[in-house]
Amino acid sequence: MSSIIRVRPTKIELIRLRRRLALARKVHRILRERLTILVNEFFARLREAYRIRREMEPELRKAYTYAIAAYSFYGERLVGYYRSTLRKGMRGIAGTENIMGVKTYAVEIIEPETTETGAARDLDEFRRIAVNTIKLLIKLGEADEACINLGKEIKRTKRKVNALEYMLIPQLLRTIRYLRMKFEEREREEKARLKKVKSMLEKRRS
Amino acid sequence: MYSEDYLEKMLAEEYRVINRHAPYVRKSLRALLRERVPIIILRDGTRHMVRREELRLLASMLEEDKWDSLMIPIILEVNPRYGEGAVVVRDPVASLVIARLLGIKEYSVPLILFRPQLIELREKLRTTTTVLFMPG
């Protein structure tokens, strides 16, 4: 890209360039603010994902231990029978969440309707841990997805901010300066020409 | 080589769509609490899901007679007039609830929040607040 924009050196063009510069500065300021807020959101979601992952790992380990113990102690048939005592399983309503124009997945979790049998306390405990683990997994998925989408948007916005800051605005400033210099030069030429004409007329008169 | 008109159009378009995540219609806290799945339609046509925990938090911070006056999402306005990094809350009820949530004892309407407060607020009320940019 050349250092200045190729335009005709006219006053109209100068006005147009000034208008474009004002607009570019406005967009640059807004995009920079947006970028800062997006980065803050990204770090908030990253912290959330980290916290959930740390919470989830022991829960997951516990859930696997309970599952192995339940299947080996009660057998598949009894565990299956226990599962059928659930009135309504855990459900989730999937939707979208819009963070500053960045769309991410969101899930509204509906709690399962369970009846504590009381007969097998370890199975009840297994169910409680499993439900908690699934909830954490869903939340982790949401946070991870948000991080990915926010990251993409940050990259895109950063490119725009940099293009405006390092390419477009300096180029417009250089072109405006060039046009101003051109006009000044033209004015000086005009003055010199007038002086010359004046002196020629004076010579002719004398 | 790009055309200069195209560049100007692109800048103008960027400026126009910066607030595409603004809500099409705002709903009161009471109305959202009544909904089975609280949803707000945005200007770009997307459905924004509001978290029930955040609605419950707002309800716990506010007297019940003000639930109808609190419109969700709460608009946090980025206005260049107030300096870089500052956001403004113009709604008096929203200002009251945010001040209570952030532990601000003395405040005036419009409430002006700075970056650390904005980060804290957005961590607590991610889906019930939205940041909009005002032309400066």
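All values below come from the heavy atoms of this structure, side chains included, with hydrogens, waters and symmetry mates left out. Each chain gets a letter, A, B and so on, in the order its sequence line appears, and its residues count up from 1.
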Engineer: Please flag which part of B:Val87 lies under 4.5 Å from any non-hydrogen atom of chain A: side chain, backbone, both or neither.
Structural biologist: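 Looking at B:Val87, nothing touches chain A.
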Engineer: Under 4.5 Å, counting heavy-atom pairs only, tell me which of B:Val17, B:Thr127, B:Thr46 racks up the most with chain A.
Structural biologist: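 Greatest number of close heavy-atom pairs with chain A: B:Thr46.
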Engineer: With a 4.5 angstrom heavy-atom cut-off, could you sort out which part of A:Ala94 is near chain B: side chain, backbone, both or neither?
Structural biologist: backbone
Engineer: Step through the shown structure and confirm whether more than 12 heavy atoms of other residues, nucleotides or ligands are within 6.0 Å of CZ on A:Arg188.
Structural biologist: yes
Engineer: Between B:Arg126 and A:Glu48, does any NZ, NE, NH1 or NH2 come within less than 4.0 Å of an OD or OE carboxylate oxygen?
Structural biologist: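 Counted as a salt bridge, because a side-chain N and a carboxylate O are separated by less than 4.0 Å.
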Engineer: Please indicate whether A:Arg61 has more than 12 foreign heavy atoms, meaning atoms of other residues, nucleotides or ligands, lying under 6.0 Å from its CZ.
Structural biologist: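 Atom CZ in A:Arg61 is not packed in, count stays at 12 or less.
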Engineer: For chain A, which candidate among B:Glu123, B:Arg51, B:Arg52, B:Met49 shows the most heavy-atom pairs at distances under 4.5 Å?
Structural biologist: B:Met49
Engineer: Looking at side-chain heavy atoms only, is the closest gap between B:Val50 and A:Glu97 below 4.5 Å?
Structural biologist: no
Engineer: Flag yes if more than 12 heavy atoms outside A:Lys139 fall under 6.0 Å of its NZ atom; otherwise flag no.
Structural biologist: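 It does not: A:Lys139 NZ has 12 such atoms or fewer within range.
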Engineer: How far apart are the C-alpha atoms of B:Val78 and A:Arg29, what are their side-chain angles, what is the distance that settles it, and do they pass the side-chain contact (heavy atoms from CB on, under 4.5 Å) test?
Structural biologist: CA-CA 11 Å; B:Val78 176; A:Arg29 195 178 51 226; over 6 Å; no
Engineer: Under 4.5 Å, counting heavy-atom pairs only, tell me which of A:Arg19, A:His28, A:Met100, A:Arg32 racks up the most with chain B.
Structural biologist: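 If we count pairs closer than 4.5 Å to chain B, A:Met100 comes out on top.
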Engineer: To the nearest 0.5 Å, tell me how far B:Glu14 CD sits from A:Lys160 NZ.
Structural biologist: 3.5 Å
Engineer: Please classify the contact of A:Thr96 with chain B as side chain, backbone, both or neither, using a heavy-atom distance under 4.5 Å.
Structural biologist: both
Engineer: Measure the CD1-CD1 distance between A:Ile30 and B:Ile18 for me, rounded to the nearest 0.5 Å.
Structural biologist: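 Going from the CD1 atom of A:Ile30 to the CD1 atom of B:Ile18 covers 6.0 Å.
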Engineer: More than 12 heavy atoms of other residues, nucleotides or ligands under 6.0 Å from CZ of B:Arg115: is that the case?
Structural biologist: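 Correct, the count exceeds 12.
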Engineer: Is B:Thr130 in contact with chain A via its backbone, its side chain, both, or neither, using a 4.5 Å heavy-atom distance?
Structural biologist: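 Contact with chain A: none, neither part.
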Engineer: When you look at OH of B:Tyr107, are more than 12 heavy atoms from neighbouring residues, nucleotides or ligands closer to it than 6.0 Å?
Structural biologist: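 Counting neighbours around OH of B:Tyr107, more than 12 heavy atoms of other residues, nucleotides or ligands fall under 6.0 Å, so yes.
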Engineer: From B:Leu118 CG over to A:Glu41 CD, what is the distance, rounded to the nearest 0.5 angstrom?
Structural biologist: 7.5 Å
Engineer: Are any non-hydrogen side-chain atoms of B:His21 and A:Val102 less than 4.5 angstrom apart?
Structural biologist: no
Engineer: Count the heavy atoms belonging to other residues, nucleotides or ligands that lie under 6.0 Å from CG of A:Leu194, then report whether that count exceeds 12.
Structural biologist: yes
Engineer: So what's closer than 4.5 Å to chain A heavy atoms on B:Arg43: side chain, backbone, both or neither?
Structural biologist: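 Neither; nothing under 4.5 Å.
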Engineer: How about A:Ile37 and B:Arg122: do any of their side-chain heavy atoms sit closer than 4.5 Å?
Structural biologist: no
Engineer: Is it the case that more than 12 heavy atoms not belonging to A:Phe183 sit under 6.0 Å from its CZ atom?
Structural biologist: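 Enclosed: over 12 neighbouring heavy atoms sit under 6.0 Å from CZ of A:Phe183.
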Engineer: Select one option (side chain, backbone, both, neither) describing which atoms of A:Asn98 are under 4.5 Å from chain B's heavy atoms.
Structural biologist: both
Engineer: When you compare the side chain of B:His48 with that of A:Ile99, does any pair of heavy atoms fall below 4.5 Å?
Structural biologist: no
